[in-house]
Amino acid sequence: MATIRMIDIAVNLTDGMFKGIYNGKQCHVADIAAVLNRAWNAGVDRIIVTGGSLKESKEALSIAETDGRLFCTVGVHPTRCKEFEDSGDPEKYFQDLVSLAKEGVEKGKVVAIGECGLDYDRLHFCPPEIQKKYFEKQFELAHAMKLPMFLHMRAAAGDFCEILTGQKDKCVAGVAHSFTGSAEDRDKLLSFSNLYLGVNGCSLKTAENLDVVRGIPVERMMIETDSPYCDIKNTHAGIKFVKSVWSAKKKEKYDHEFTVKGRNEPCLVRQVLEVVAGCKDIADIDQLSRIIYHNTCRVFFPQDLDSVADGLLTGRPDL
């Protein structure tokens, strides 16, 4: 199984579920080590840990420092942008993000600014004007750090693309992760030549979702789990293409050799790759994985692009 190399671009290792905590209740021991071992054995060779606030980004960096294959983002999720103002000093909050990003870049760990963007599905957490203000502000951070952006867009394609257009000189590249939008949204985002789309279980729920994914060129795609969320469920349209399965036990019957039922984890990014291959009718999953791996390195690990990787991609038939 592990001949295929994958990078999971979105793992929420700061989430309580990886500490064994579900809805505030301790159900089992913290098990990040077991989760990571399964990922490495499945062919994942790098993981980007998501930061969604100043505090969470600090924790993401701490986690990333525990393993040479872990990296992270620094930024503020659209639903948490009120933190800038609730802190009492938005500029200090921003400067603290700058300092953290600088520290993480110097350590070779911070590879993107984010998770940032717009989420109009959850305006009860943060109103649109505040979301837009601090989405724009984080382009300054990306520009200062010369880093790509790890982006979030929910039900906000118009404003999202308008801000991206206005700020494009400050954005070297980016990925709109956990993409679940319409074909129209997809095409709007693909019109930005330096923007990629991240696909996970939430991108593969319905027949309509699969149609949208079919229209994403593999050269513009990345794969992710967004774990512990966004697993591919038995009710999802994409499940028929899944070939790799891990035995799971309920959290109440925790066993470190099994995945936890209902908790997504990075080894399962292999299933995302399989569904993409299946719905796009691609027989050569190795070649698909190489292209997606190459896309991911191009944006987040440009120092790793080598002539061997480029050589593998030349002269191939279009997928």
Side-chain angles (χ1 to χ4, degrees), residues 6 8-12 50 77-79 114-115 117-125 128 131 150-164 174-193 195-245 262-266 268-285 288-289 291-292 295-296 318-319:
M6 298 167 289
D8 189 344
I9 64 161
V11 180
N12 299 286
T50 311
H77 191 280
T79 60
E115 177 175 0
L118 299 175
D119 189 322
Y120 289 180
D121 269 348
R122 292 179 281 182
L123 293 174
H124 52 287
F125 289 120
Q131 287 193 32
F150 184 79
L151 299 164
H152 176 104
M153 191 276 287
R154 280 282 178 284
D159 285 353
F160 183 90
C161 291
E162 188 178 319
I163 289 172
L164 211 51
V175 59
H177 106 100
S178 193
F179 179 73
T180 58
S182 64
E184 185 185 2
D185 292 344
R186 173 199 67 203
D187 295 342
K188 279 182 185 171
L189 295 178
L190 290 173
S191 72
F192 296 91
S193 61
L195 194 62
Y196 293 73
L197 301 186
V199 174
N200 62 33
C202 290
S203 316
L204 307 166
K205 283 182 179 178
T206 67
E208 184 187 3
N209 289 150
L210 296 182
D211 280 342
V212 172
V213 168
R214 280 187 194 98
I216 304 172
V218 291
E219 293 83 3
R220 300 289 296 281
M221 185 186 289
M222 297 185 195
I223 53 173
E224 55 173 275
T225 55
D226 205 21
S227 49
Y229 312 105
C230 295
D231 52 327
I232 299 172
K233 299 186 187 304
N234 289 333
T235 53
H236 289 181
I239 194 72
K240 64 187 175 191
F241 299 116
V242 169
K243 296 186 170 75
S244 304
V245 180
R263 182 187 72 173
N264 200 9
E265 58 175 78
L268 299 172
V269 76
R270 169 76 186 221
Q271 295 182 341
V272 177
L273 182 70
E274 290 168 353
V275 177
V276 169
C279 84
K280 283 172 112 17
D281 202 22
I282 295 170
D284 190 347
I285 198 167
L288 175 65
S289 74
I291 296 163
I292 292 173
N295 298 342
T296 311
D318 285 329
L319 298 180

Inset, instruction - Output, in order, the C-alpha distance, side-chain angles, deciding distance and verdict of side chain to side chain donor-acceptor pair (under 3.5 Å) for E274 and S244. - result: CA-CA 8 Å; E274 290 168 353; S244 304; 2.4 Å; yes
Inset, instruction - List the atom of T225, the atom of A10, and the distance in Å for their closest heavy-atom pair. - result: OG1-O, 3.5 Å
Inset, instruction - Would you please name every residue forming a salt bridge (charged side-chain N to carboxylate O under 4.0 Å, His left out) with D121, sequence neighbours left out? - result: none
Inset, instruction - Of all the heavy-atom pairs spanning D8 and V11, show the shortest one and how long it is. - result: OD2-CG2, 3.2 Å
Legend entry - L189 to A176 - nearest heavy-atom pair and separation: CD1-CB, 3.9 Å
Legend entry - H77: ring pair (Phe, Tyr, Trp, His ring centres under 6.0 Å) partners, not counting sequence neighbours: H152
Legend entry - Minimum side-chain heavy-atom gap L151-V175 below 4.5 Å: no
Inset, instruction - For R263, enumerate each residue passing the salt bridge (charged side-chain N to carboxylate O under 4.0 Å, His left out) test, keeping only those at least two apart in sequence or located in another chain. - result: D31, E265
Legend entry - Any donor-acceptor N/O pair, R214 side chain to C279 backbone, under 3.5 Å: yes
Legend entry - Residue pair L190 / P217: nearest heavy atoms and the distance that separates them: CD1-CD, 3.8 Å
Legend entry - Short side-chain to backbone donor-acceptor contact, K280 and I216, under 3.5 Å: yes
Legend entry - Pairing residues for D226 by the salt bridge (charged side-chain N to carboxylate O under 4.0 Å, His left out) criterion, not counting sequence neighbours: none
Legend entry - Residue among I9, V269, V272 satisfying side-chain contact (heavy atoms from CB on, under 4.5 Å) with V199: V272
Legend entry - For D159, all residues meeting salt bridge (charged side-chain N to carboxylate O under 4.0 Å, His left out), sequence neighbours excluded: K132
Inset, instruction - Report yes if some heavy atom in the side chain of N200 is under 4.5 Å from a heavy atom in the side chain of I223; otherwise report no. - result: no
Legend entry - With L123 via side chain to side chain contact (heavy atoms under 4.5 Å, CB included) - residues at least two apart: Y120, P128, Q131
Legend entry - Heavy-atom closest pair, residues V245 and Q271: CA-NE2, 4.2 Å
Legend entry - Short side-chain donor-acceptor distance under 3.5 Å, N209 and S203: no
Inset, instruction - Grab the two heavy atoms, one from A183 and one from V212, that are nearest each other, plus how far apart they are. - result: N-CG2, 3.6 Å
